[in-house]
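Okay, structure first, notes after.
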Amino acid sequence: MEERYNPTTIECKWQKYWSDNNVDVTVKDPARQKFYCLEMFPYPSGKIHMGHIRNYVIGDVITRYKRMRGMSVLHPMGWDAFGLPAENAAILNNVHPRQWTLSNIAAMKSQIASIGCSYDWSRELTTCLPEYYKWNQWFFIQMYNRGLAYRKKSFVNWCNACGTVLANEQVIDDKCWRCDDVVVQKELEQWFFRITAYAEELLRGCDTLSGWPEHVVTMQRNWIGKSTGAEVLFAVDGSAETIKIFTTRPDTLFGATFVCLAPLHPLADTLTADKTALKQIIDAYGKDDEKLGLFTGSYAINPVNNESIPIYIANFVLMDYGTGAIMSVPAHDQRDFDFARKYNLPIRQVIVAPDTQPGTDLTAAYEDKGTMHNSGEFSDLDSEEAKALITQSLATRGLGKAVTNYKLRDWGISRQRFWGTPIPIVYCDTCGIVPVNQDKLPVILPEDVVLTGTGVSPLADVEGFVNTTCPKCGAGARRETDTMDTFVDSSWYFIRFCSRGDEPPLKQDNIAYFMPVDQYIGGVEHAVLHLLYSRFFTRVLRDIKVVRFDEPFQRLLTQGMVCKETWKCPTDGWLFPEQVRDGRCLLCDSEVVRGRTEKMSKSKKNVVTPDELTAKYGADTARVFSLFAAPPEKDIEWSDQGVEGSYRFLNRLWGLIYNNLDCINVTSTVAKGKIFRKTHQTIKKVTTSIEKDYHFNTAIAALMELLNELSAFRAATDEDRAAIGMALRSLILLLAPFAPHLCEELWAVVGEKPSVFNHPWPQWDELATKEEEIELVIQVDGKLRAKQMISADLPDDDKKEIALGNAKVQEHLRGKNIKNILVVRGRLVNIATSGDSIA
RNA sequence: GCGAGAGUGGCGGAACUGGCAGACGCGCUGGACUUAGGAUCCAGUGGGGAAACCCGUAGGGGUUCAACUCCCCUCCCUCGCACCA
């Protein structure tokens with residue numbers, strides 16, 4: 001054994017060993033319990049960053065731990081390889097997107113390897129390869145045949161910078177989720193997946209996601225956005241037209257004093273004479289600064305009381321939710337209230353708060369439930385009851401019905417880009433839309449393409465691709481030239497991983513054995529996007545009999561971001577840490593300000609790269625620090641000194657074993673003493689920290705404690721030496737998931753056969769964790785007054801006696817009446833007094 | 001505005017089901033070893049106080065023998081949703 005810890009040599013050696021000996025290859029063993037641990041696969045940008053590292057290391061610890069617990073663990077990795085950056089790089093550098101992507105993959109793969117993650121690379125998948133995207137096309141056709149994929153013309157979200165459309169989920173605050181450019185509306189023919197057909201099921205499924213963070217489930221529920229209410233028909237006075245409105249408050253129908261249409265509502269144009277004014281309202285649509293209205297000059301008939309009320313066009317009424325038209329009840333909706341005040345429209349109260357009288361001067365809308373008022377036959381009823389009764393009464397007259405609405409829209413999957421899965425559809429002049437025959441799949445993405453980035457699908461110019469024959473009639477026909485959203489690729493990749501690369505992708509017994517994913521780990525940025533699409537896809541796959549379950553991801557861990565402090569100079573802007581010395585900028589000598597701790601980013605110059613880190617300290621230090629700095633779901637603050645601390649810890653462990661090699665093979669039948677006890681306590685603490693909520697930071701803290709105790713201990717007897725030997729072996733095993741290279745090496749040093757990961761996880765003996773002596777904590781009236789060492793097995797009554805007998809305690813009891821004495825968990829005595837003087 | 005989560009030493013963070021607040025690490029202070037120390041090792045380290053002791057988990061109230069933990073109010077931060085009728 002070398003005297004010094006040398007991470008570089010050790011890490012190379014064991015990475016080679018693991019790879020040469022297939023240590024990380026999944027063993028599918030039906031006799032054992034399976035565990036599927038998955039980290040969200042990366043887009044191959046070419047560079048691994050600390051966020052990836054943190055994600056993968058968390059997954060790797062869980063994987064290695066579960067393997068040591070004897071489970072058959074599936075831990076795969078692959079590449080989300082289609083997407084825009086490849087295309088942009090192609091335009092910029094004149095390389096083919098495939099070449100750019102594949103060389104990035106090679107680079108990232110070696111970076112991932114250098115942190116020692118135990119992936120089963122025999123299952124590696126790359127979504128831009130035909131053998132993968134063939135199945136996107138196959139699923140598309142299955143969905144087309146079931147009416148779940150359809151084509152329609154509609155206004156879509158268009159990103160000019162990306163030159164393509166975006167799904168609703170991919171628009172964040174009116175900006176593109178990827179490039180942050182402003183998203184505009186454009187009318188296009190697009191392919192959609194009918195995710196709305198599963199809206200109710202996806203919503204109900206949320207109740208079963210007990211292994212997910214609550215806020216992620218809430219985000220999914222909000223996104224689906226179910227609301228129940230009624231559709232009500234308002235006739236247009238003096239016309240055959242009717243306006244269909246949606247409301248969640250049919251109970252307030254008698255209070256409707258006007259009707260509002262969305263600016264793009266079909267009737268808006270018909271009813272409005274002043275086209276210039278209408279244009280202004282259309283321009284103001286969706287702007288959240290002010291509510292604008294335009295009176296059409298027409299009136300609508302309220303079906304519950306035949307009252308004639310004005311019809312307005314309003315910029316705040318959404319066209320793509322409900323029916324694009326609303327009834328306005330200013331007394332009971334704040335938005336309508338504001339609008340009514342602005343345009344001097346009547347406000348009529350029809351719901352009265354419990355225990356109050358109808359007021360005359362409302363200062364704000366009353367939006368709660370209450371008692372019906374001024375509502376014809378429904379007056380004096382409870383407003384909640386009235387909802388159903390009014391809806392029913394409208395329904396019998398054919399003027400309304402109960403309706404459930406969802407905010408969720410169908411998933412638009414067409415992208416006017418090259419680097420994606422071709423949509424397997426052919427347009428024939430006689431047969432119309434015809435799917436490609438399944439035995440002709442995959443539709444291969446052509447090689448020779450001129451990429452211009454102009455926003456027209458590049459495939460449209462590839463004649464050899466576009467021109468084809470109709471699968472139905474054989475006549476000349478044209479292919480669809482849009483490609484699929486890359487979120488299609490990631491909606492089922494976890495199923496592909498169940499089978500090796502040399503096996504069929506949808507092999508039933510593999511899917512049945514490994515799915516669902518037991519632990520999924522990734523960033524919270526996919527809380528709605530990828531996770532909702534995957535839940536949808538899984539249900540579709542269930543309905544086409546590919547899988548037999550509803551939910552793909554049993555437990556979800558959304559890891560926190562990797563952050564670091566920032567430095568800013570008033571003249572030179574953001575600074576690298578090495579540009580700051582003694583609070584001054586090395587460029588201009590100004591005083592610098594320490595900025596907020598923020599997510600690592602190039603622009604803020606607060607990035608630490610995995611390469612420099614592993615070069616300096618080795619992968620194990622990087623792993624231990626990123627796990628020790630905070631629990632996985634929280635953000636971590638990167639600290640160079642903290643990394644040093646983790647490095648010191650591993651060095652001290654090395655030194656400890658080096659100094660105690662003589663203890664390794666000493667055996668003894670006597671199993672007691674403080675080292676023995678501490679070891680069992682540590683096994684318990686580490687195991688429960690991992691099992692309970694993956695709080696690796698406290699697990700590592702416990703290992704540090706054991707190390708500290710061992711370092712301070714001086715062995716006197718063979719029993720002591722045996723205890724140390726046993727403690728060291730346990731320490732190596734317990735630390736192995738966190739610092740795998742070091743522990744593999746130390747495992748060899750103590751004379752064991754590799755791999756340490758084939759060795760069972762240590763067990764603790766509950767009896768052995770018990771202290772013989774404890775420090776009895778004595779309180780008087782809840783305040784700590786004394787501590788005293790006592791034997792742990794004394795009965796409670798003796799502990800009370802000891803507490804009362806303590807000199808310090810007696811001082812504090814002087815002049816007081818003892819009311820009660822409590823013994824808590826055998827460790828604490830609290831003497832409660834009445835405070836009254838005895839004298 | 002609505003919803004969720006959080007607020008603990010100089011810093012990152014611990015604390016089971018209400019039971020010793022501050023585990024572990026960083027930093028800092030002192031010491032040892034050293035030609036040297038930004039290496040290593042040892043000791044100390046919430047604040048106040050000479051001490052007894054007092055104070056202390058964002059702030060204020062409450063429940064309890066006992067509150068970081070439970071309840072009510074306020075402040076602040078982070079995230080999500082945001083004219084969804």
Side-chain angles (χ1 to χ4, degrees), chain A residues 172-173 213-219 221-223 225-227 229 245-249 252 260 262 286-291 314-318 320-329 332-336 338-339 367 405-408 524 527-528 563 565 597 624-625 628-631 633-646 648-649 651-652 655 685 688-689 692 695 697-708 711-712 775-787 808 811-812 818-834:
Chain A
I172 318 277
D173 293 334
E214 191 50 45
H215 68 279
V216 174
V217 181
T218 306
M219 283 164 75
R221 284 201 185 98
N222 289 344
W223 190 264
K226 179 180 182 175
S227 62
I245 64 104
F246 172 74
T247 180
T248 55
R249 293 294 301 271
T252 64
C260 289
K287 302 270 194 309
D288 57 342
D289 28 10
E290 202 188 353
K291 289 182 177 44
N315 71 326
F316 67 91
V317 177
L318 303 173
D320 60 358
Y321 181 76
T323 60
I326 59 166
M327 67 167 187
S328 292
V329 186
H332 303 295
D333 183 294
Q334 191 57 40
R335 293 160 301 180
D336 298 342
D338 297 341
F339 193 88
E367 295 185 332
N405 250 316
Y406 298 91
K407 285 198 247 179
L408 183 68
V524 74
V528 270
C563 302
E565 87 272 12
T597 295
V624 168
F625 176 73
F628 179 65
E633 69 280 5
K634 284 187 63 172
D635 290 351
I636 54 172
E637 189 181 328
W638 197 265
S639 143
D640 296 333
Q641 286 158 332
V643 175
E644 296 271 357
S646 298
R648 241 187 323 260
F649 166 57
N651 272 291
R652 290 185 62 210
K685 174 69 185 162
T688 53
S689 285
K692 205 180 125 232
H695 277 196
N697 55 331
T698 54
I700 293 171
L703 292 168
M704 289 173 168
E705 279 191 60
L706 178 58
L707 172 67
N708 291 345
S711 304
E775 193 176 43
L776 186 69
V777 175
I778 309 165
Q779 298 181 336
V780 178
D781 292 326
K783 292 199 174 195
L784 176 69
R785 293 303 178 191
K787 291 183 181 184
K808 266 271 178 59
E811 246 171 69
H812 284 276
I818 294 170
K819 216 165 61 180
N820 196 7
I821 306 176
L822 293 106
V823 180
V824 181
R825 296 184 192 198
R827 286 188 284 118
L828 182 145
V829 176
N830 188 17
I831 303 165
T833 73
S834 62

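Below, chains carry the letters A, B, ... as their sequence lines are ordered, and counting in each starts from 1. All values reported here derive from a predicted model rather than from experimental measurement. Both backbone and side-chain heavy atoms feed into the values below; hydrogens, waters and symmetry mates do not.
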Practice task
Check for a donor-acceptor pair, side chain of A:E367 on one end and backbone N or O of A:Q334 on the other, with a separation under 3.5 Å.
Solution key: yes
Exercise for the section: Using atom CD of A:E214 as one end and atom C1' of B:rC79 as the other, report the distance to the nearest whole Å. Expected result: 15 Å
Practice task
Please determine, for the side chain of A:N315, which listed nucleotide (B:rG13, B:rC83, B:rA85) has the closest atom?
Solution key: B:rC83
Practice task
Take atom P in B:rG30 and the same atom in B:rG38, then report the distance between them in whole Å.
Solution key: 13 Å
Problem - Side chain of A:F316 - closest among B:rA85, B:rC20, B:rG13 - result: B:rA85
Exercise for the section: Grab the CG-P distance between A:L828 and B:rG18 for me, whole Å please. Expected result: 16 Å
Practice task
Have a look at B:rG7 and give me syn or anti from its glycosidic angle (syn if within 90° of zero).
Solution key: anti
Practice task
For A:K808, answer base if it contacts any base atom (sugar-phosphate contacts may also be present), sugar-phosphate if it contacts only those atoms, and nothing otherwise; contact means non-hydrogen atoms under 4.0 Å.
Solution key: sugar-phosphate
Handout entry: Min side-chain heavy-atom separation A:T252-A:D333 under 4.5 Å
Key = no
Practice task
Rounded to whole angstrom, note down the C1' distance from B:rA6 over to B:rA58.
Solution key: 11 Å
Fill in the blank from the handout: Sorted by chain and number, sequence neighbours left out, salt bridge (charged side-chain N to carboxylate O under 4.0 Å, His left out) with A:K226 holds for A:E200
Practice task
State, yes or no, whether a side-chain contact exists between A:T833 and A:V780 at a heavy-atom distance under 4.5 Å.
Solution key: yes
Problem - P-based separation of B:rA4 from B:rU74 [nearest Å] - result: 15 Å
Problem - Side-chain touch A:D781/A:H812, heavy atoms, less than 4.5 angstrom - result: no
Handout entry: Pairwise C1' distance for B:rG25 and B:rG19, with rounding to whole Å
Key = 27 Å
Fill in the blank from the handout: Rounded to whole Å, NZ of A:K692 lies from C1' of B:rU17 at a distance of 11 Å
Fill in the blank from the handout: A:L318 atom CG is separated from B:rA82 atom P, nearest whole Å, by 10 Å
Exercise for the section: Provide, to the nearest angstrom, the distance between the CG atom belonging to A:L784 and the P atom belonging to B:rC53. Expected result: 10 Å
Exercise for the section: Check whether any side-chain heavy atom of A:T597 sits under 4.5 Å from a side-chain heavy atom of A:W638, and report yes or no. Expected result: no
Handout entry: Note, A:R827 side chain near A:V777 side chain (heavy atom, < 4.5 Å)
Key = no
Practice task
Provide the distance between the two P atoms, one in B:rU63 and one in B:rA50, to the nearest whole Å.
Solution key: 37 Å
Name the pairs: protein N/O against N/O of nucleotides 23-27 of chain B, kept only if under 3.5 Å.
unit_1 : atom_1 : unit_2 : atom_2 : d
B:rA23 : O2'    : A:E705 : OE2    : 2.9
B:rG25 : OP1    : A:N708 : ND2    : 3.1
B:rC26 : OP1    : A:R648 : NE     : 3.0
B:rC26 : OP1    : A:R648 : NH2    : 2.7

Problem - Separation of B:rG19 C1' from A:L776 CG (nearest whole Å) - result: 12 Å
Handout entry: side-chain N/O A:K783 vs B:rC55 OP1/OP2, d < 4.0 Å
Key = yes
Problem - Side chain to side chain, A:R652 and A:S711, heavy atoms closer than 4.5 Å - result: yes
Practice task
Using the P atom as the reference point in each nucleotide, state the distance between B:rG61 and B:rA51 in Å, no decimals.
Solution key: 30 Å
Handout entry: Integer angstrom distance from the C1' of B:rG48 to that of B:rG9
Key = 14 Å
Completion exercise
Writing each nucleotide of RNA chain B 5' to 3' as (, ), [, ], | or . by Watson-Crick or G-U pairing under 3.5 Å yields (((((.(..(((......[....)))((((((.......))))))(((....)))..(((((..]....)))))).)))))....
Practice task
Mind calculating the distance between CZ (A:R785) and C1' (B:rA52) to the nearest angstrom?
Solution key: 11 Å
Practice task
Answer whether the closest heavy-atom distance between the side chains of A:F316 and A:I326 falls below 4.5 Å.
Solution key: yes
Problem - Selected nucleotide, minimal atom distance to A:V777 side chain, candidates B:rC65, B:rA85, B:rC20 - result: B:rC20
Practice task
Could you check whether A:V524 gets within reach of a base, just the sugar-phosphate, or nothing at all, counting any heavy atom under 4.0 Å?
Solution key: nothing
Practice task
Spell out, as yes or no, whether a donor-acceptor pair under 3.5 Å connects the side chain of A:N405 to the backbone of A:S227.
Solution key: no
Exercise for the section: Could you tell me if the ring centre of A:F628 sits under 6.0 Å from that of A:F649? Expected result: no
Practice task
Verify the contact: side-chain N or O of A:R827 to OP1 or OP2 of B:rC16, cut-off strictly under 4.0 Å; return yes or no.
Solution key: no
Completion exercise
Side-chain contact check for A:T247: nearest option of B:rC83, B:rG13, B:rA85 is B:rA85
Fill in the blank from the handout: Comparing nearest nucleotides in RNA chain B, the 5'-proximal residue of the pair A:E811, A:G324 is A:E811
Problem - 5'-most by nearest nucleotide on RNA chain B - A:A712 or A:K819 - result: A:A712
Practice task
Name the nucleic acid region contacted by A:H812, choosing base, sugar-phosphate or nothing; use a 4.0 angstrom heavy-atom cut-off, strictly under.
Solution key: sugar-phosphate
Practice task
Provide the distance between the two P atoms, one in B:rU8 and one in B:rC77, to the nearest whole Å.
Solution key: 14 Å
Practice task
Indicate whether OP1 or OP2 belonging to B:rA85 is found under 4.0 Å from a side-chain N or O atom of A:R249.
Solution key: no
Fill in the blank from the handout: Separation of B:rA66 atom P from A:N830 atom CG, nearest Å, is 8 Å
Practice task
Kindly indicate whether the side chain of A:K787 and the base of B:rC20 share any N or O donor-acceptor pair separated by less than 3.5 Å?
Solution key: yes
Practice task
Would you check, one step at a time, whether the test side-chain contact (heavy atoms from CB on, under 4.5 Å) holds for A:I818 with A:I831?
Solution key: CA-CA 7 Å; A:I818 294 170; A:I831 303 165; 4.0 Å; yes
